[in-house]
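Just so it is clear, the values below take in all heavy atoms, side chains as well, and ignore hydrogens, waters and symmetry mates. Numbering of ligands and ligand atoms starts at 1, following listing order.
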Amino acid sequence: MEWSAEDKQYLRSKIRDVEGFKPGIVFYDITTLLKDAKAFGFLLLGLTKRYASYKLDYVVGIESRGFIFGAPLAASLGVGFVPVRKKGKLPAATLSEKYALEYGFDEVEIHRDAFADKAKARVLLVDDLIATGGTAEASLRLIEAAGAECVESCFLLNLVACAGKKRIESLAPVFSVLDI
Ligand code: AMP
């Protein structure tokens, strides 16, 4: 399913732009969309329709806002949910991937056996927003290292000027509901 220009405008109107939360950036606040039952339901229904035919085995969500969209989407698609978490949060054996930030680096992890029950599991990666693509790129590397295939990565928001979509396009197809 593709959202019409009107649908996109509706979803965009539910996201609050916050200036001054972090220096120099507009922070896109999705809590205003989440607390609107109609808007949140409309987004999830659209994503469910889009991915119903993808023959997915799992939805992978990136901590923490990727969980908010990824987990209910997995449940409505009837597939499992796998979290990618910040370093040190997952209890069993993990694979980890470092990625550079503007200052320093960060690290994300996935359980080593996350996809062990299915050869070449077909997964969808979900997060709320893609900016530079660093977090998504590290997550895609984890999915590959854990033996699964990412058939698409999906974001509610794509900050076009940050070029994250271009950065990860060679690793997996990218879909964003809203381009800003
Ligand atoms: P990046 O790795 O640069 O693509 O950053 C993506 C992650 O940072 C996502 O998990 C977003 O939730 C968060 N993020 C980055 N920029 C913003 C922004 N302007 N507003 C809200 N969240 C952001």
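Looking at Arg122, its side chain does come within 3.5 Å of a backbone N or O of Tyr54 through a donor-acceptor pair.
Glu109 has no carboxylate O lying under 4.0 Å from a charged side-chain N of Arg85, or vice versa, which leaves the two without a salt bridge. Using a cutoff of 4.0 Å between basic side-chain nitrogens and carboxylate oxygens, Glu152 and Arg50 are scored as salt-bridged.
The aromatic rings of Tyr51 and Phe175 stand perpendicular to each other, their planes meeting at an angle above 60°, with 30° marking the opposite boundary.
In this structure, Phe115 shares a hydrophobic cluster with Tyr58, Val60, Ile62, Val82, Val84, Leu95, Tyr99, Leu101, Val108, Ile110, Val123, Leu125, Ile130, Leu140, Leu142, Ile143, Phe155, Ile168, Leu171, Val174, the cluster being traced through Ile, Leu, Val, Met, Phe, Trp and Tyr side chains under 4.5 angstrom apart.
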Exercise. Dump the intermediate steps for side chain to side chain contact (heavy atoms under 4.5 Å, CB included) on Val79 and Asp57, then the final yes or no.
Key: CA-CA 6 Å; Val79 303; Asp57 297 303; 6.0 Å; no
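Within 4.0 Å of ligand 1, protein heavy atoms come from Ile25, Val26, Phe27, Tyr28, Arg65, Asp127, Asp128, Leu129, Ile130, Ala131, Thr132, Gly133, Gly134, Thr135, Leu159.
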